[in-house]
Amino acid sequence: MSTRTMPTNTITIDVSTTPVSYSPSPDVKHGDKVVFTLGNAVSATATITFPDGTCLTTSGPYTLGGPTMATAPLTVALTAERGVYSFDVDFNSGQESLARKGHEWDRKNGGIDVTSDPPEKRA
């Protein structure tokens with residue numbers, strides 16, 4: 001009986017879009033990589049936090065902006081329980097709302113959905 005590991009996927013989460021966009025999707029499996037990016041929002045800064053706990057091996061918060069337009073690939077923990085892990089994105093330390101009253105661009109949220117790994121085929 002051989003044990004083969006499934007290849008890991010990389011999911012890119014663009015926090016500059018409304019709503020937050022995921023490529024290819026918000027679904028991840030244990031061991032997958034997650035990259036948060038500011039996309040084309042070159043003048044913005046963003047802080048990403050997981051208020052109810054994270055599925056990633058590094059807890060954050062993650063700060064983007066200036067020379068750091070994307071995080072290094074973050075790993076989904078092998079011990080992460082199945083379910084949706086919500087995250088909040090705070091742009092420009094909340095200062096964006098002062099410049100653009102009535103605009104919701106200063107805060108966003110999203111989630112990463114940890115799905116169960118596919119069952120192994122038995123020979």
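Just so we're clear, the structure is a prediction, and the values are computed from it rather than from any experiment. In this chain, numbering begins with 1 at the start of the sequence shown.
- Residue Lys29 holds its NZ atom at 3.5 Å from OG1 of Thr115, rounded to the nearest 0.5 Å.
- Rounding to the nearest 0.5 Å places OG of Ser43 at 11.0 Å from CG of Asn40.
- Put simply, the side chain of Lys108 gets close to the backbone of Val15: a donor and an acceptor are under 3.5 Å apart.
- For the pair Cys55/Ile112, a side-chain contact is recorded, criterion being any heavy-atom separation below 4.5 Å from C-beta on.
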Discussion item. With side-chain contact (heavy atoms from CB on, under 4.5 Å) as the criterion, how do Phe87 and Thr49 come out once you've worked through the C-alpha distance, each side chain's angles and the decisive distance to 0.1 Å?
Written reply: CA-CA 6 Å; Phe87 60 84; Thr49 56; over 6 Å; no

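- Scored by the side-chain contact (heavy atoms from CB on, under 4.5 Å) test, Asn9 finds Ile11, Asp32 as partners (sequence neighbours excluded).
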Worksheet entry | side-chain contact (heavy atoms from CB on, under 4.5 Å) between Phe50 and Leu56, worked out | CA-CA 10 Å; Phe50 285 82; Leu56 304 172; 4.1 Å; yes

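- Taking the side chain as every heavy atom from C-beta outward, Val34 and Val76 approach each other to under 4.5 Å.
- Listed by chain and residue number, Asp88 satisfy the side-chain contact (heavy atoms from CB on, under 4.5 Å) test with Asn109 (two or more places apart in sequence, or in another chain).
- Between Thr71 and Leu64, some side-chain heavy-atom pair lies under the 4.5 Å cut-off.
- Residues Ser16 and Gly39 come closest through the heavy atom pair OG-CA, 4.0 Å.
- Shown here are the ring-ring contact (aromatic ring centres under 6.0 Å, His included) partners of Tyr85, two or more places apart in sequence or in another chain: there are none.
- The shortest distance between side-chain heavy atoms of Thr68 and Thr63 does not fall below 4.5 Å.
- The two residues Ala46 and Leu38 make their nearest non-hydrogen contact at CB-CD2, 3.8 Å.
- Every residue meeting the side-chain contact (heavy atoms from CB on, under 4.5 Å) condition with Ala77, not counting sequence neighbours, appears here in chain and number order: Thr57, Thr79, Ala80.
- Residues Thr47 and Tyr62 fail the side-chain proximity criterion, which asks for heavy atoms closer than 4.5 Å.
- Hydrophobic cluster membership is shared by Val42 and Phe91, with clusters built from Ile, Leu, Val, Met, Phe, Trp and Tyr side chains linked at under 4.5 angstrom.
- Here the side chain of Thr45 pairs no donor or acceptor atom with the backbone of Gly65 at under 3.5 angstrom.
- The side-chain heavy atoms of Val35 and Thr10, taken from C-beta on, include a pair separated by under 4.5 Å.
- Residues meeting the side-chain hydrogen bond (donor to acceptor under 3.5 Å, both in side chains) test with Thr75, sequence neighbours left out: Lys33.
- Evaluation of the side-chain contact (heavy atoms from CB on, under 4.5 Å) rule for Ser21 yields Asp14, Thr17 as partners, not counting sequence neighbours.
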